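In what follows, a structure is listed as structure tokens, so that the remarks can point back to it.
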Amino acid sequence: MRPLPWRAAKLVEIRQETRTARTLAFAVPGWPGHLAGQHVDVRLTAPDGYSTQRSYSLAAPEDGDRVELTVELVADGEVSPYLTEVLEVGDLVELRGPVGGWFVWRPESARPVLLVAGGSGLVPLMAMIRARRRSAGLAPFHLVYSIREPAQRLYPAELDRPDPGLRVDYLYTRATPGGYGRPPGRITRADLLTADPDADCFVCGPTGFVEAAADHLIALGHDAARIRTERFGPTGG
Amino acid sequence: MSTENDYLDGNTLAGPLAELFAVDLTVAEGKCVSCGRNGPIADLRVYGPEPGLVARCPGCEEVILRLVRTPDAAWLDLRGVVALRVPLP
């Protein structure tokens with residue numbers, strides 16, 4: 001027997017998050033549960049037997065047989081266009097997981113947490129924010145979220161809602177909302193100056209973003225052993 | 001994206017390695033045979049997935065691990081790691 005089986009996952013709900021991203025909720029009978037930050041592998045198989053798989057972060061904390069992913073369309077990708085534009089409620093995919101025990105946050109931790117997200121790198125960090133809220137956790141959370149422009153924000157209503165102990169800073173790289181104090185641009189050391197220097201850091205985004213953000217944190221004196229990173233690449237699609 | 005950032009990290013090995021091992025090897029710490037750097041599998045730079053996954057040391061770029069899946073077998077080459085410390089809860 002394989003240690004980790006592929007399971008049939010039935011799409012039960014779709015939420016359009018932005019023009020190019022949507023959240024897919026699956027019912028996965030026998031789902032063993034997961035930790036915030038873990039991911040799953042999704043496998044698609046064509047009628048001719050060709051199959052391909054990609055990894056996606058779980059967007060929500062454990063909830064019985066229900067598993068949520070938020071998938072960003074990669075225009076020339078192989079899997080994400082199918083997941084974001086074709087898949088309909090009632091359709092089946094294969095799913096393996098949860099996997100990855102490194103990039104995880106556990107609700108029993110009371111340590112301060114810094115989350116640094118680039119684009120859809122927010123997804124596993126959002127699972128942590130939601131897990132904290134659900135557990136009424138006392139750990140202070142600080143999210144620094146970099147996106148191209150306001151319309152690309154994932155979960156804007158939820159992040160705008162007051163959530164005691166959670167601070168959210170937005171960095172826009174291309175276009176800002178009117179009157180926004182910080183000019184558009186990539187993440188800099190100054191953007192991380194107000195972060196708690198003793199925080200457990202979780203950094204997720206495209207590889208170049210993660211390298212830059214992790215370098216800034218180390219330059220600011222954060223302990224490398226407290227910085228956990230997860231990269232998704234140019235071929236993530 | 002520039003080619004110098006054309007890699008992922010060891011977190012992406014979690015699923016493929018879970019086909020072989022009952023414990024999560026991405027949290028295991030290993031020592032690079034080339035530069036002696038210690039760190040978790042999750043921190044390696046991973047190139048692939050085709051024709052196979054190649055994990056390199058983030059310190060010196062030495063090949064630490066290679067994993068190739070064929071229809072009826074998995075090939076795992078751990079040439080670059082002195083030893084793995086696997087946490088057992």
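Labels below follow one simple rule: chain letters A, B, ... track the order of the sequence lines, proteins then strands, and each chain is numbered from 1. On a predicted model such as this, the values are computed, not experimentally measured, just so you know.
Between B:R45 and A:R231, the closest side-chain pair of non-hydrogen atoms is not below 4.5 Å. Put simply, the side chain of A:R54 does not reach to within 4.5 Å of the side chain of B:P49, judged on heavy atoms.
Shortest non-hydrogen contact noted between B:G15 and A:D41 is CA-OD2, 3.2 Å. Heavy-atom minimum distance, A:G100 versus B:A14: N-CB, 3.3 Å. For A:S55 against B:T12, the heavy-atom pair with the smallest separation is OG-OG1, 4.2 Å. A pairwise comparison of heavy atoms in A:L4 and B:A18 identifies CD2-CB, 3.6 Å as the closest pair.
Both the backbone and the side chain of A:E230 come within less than 4.5 Å of a heavy atom of chain B. Only the backbone of B:L20 comes within less than 4.5 Å of a heavy atom of chain A; no side-chain atom from C-beta onward does. Both the backbone and the side chain of B:N11 come within less than 4.5 Å of a heavy atom in chain A.
The 12-atom threshold is exceeded at CZ of A:R111, counting heavy atoms of other residues, nucleotides or ligands nearer than 6.0 Å.
Atom CG of B:D43 and atom CD1 of A:I227 lie 10.0 Å apart (nearest 0.5 Å). Distance check: A:W102 CH2 to B:L25 CG gives 13.5 Å after rounding to the nearest 0.5 Å.
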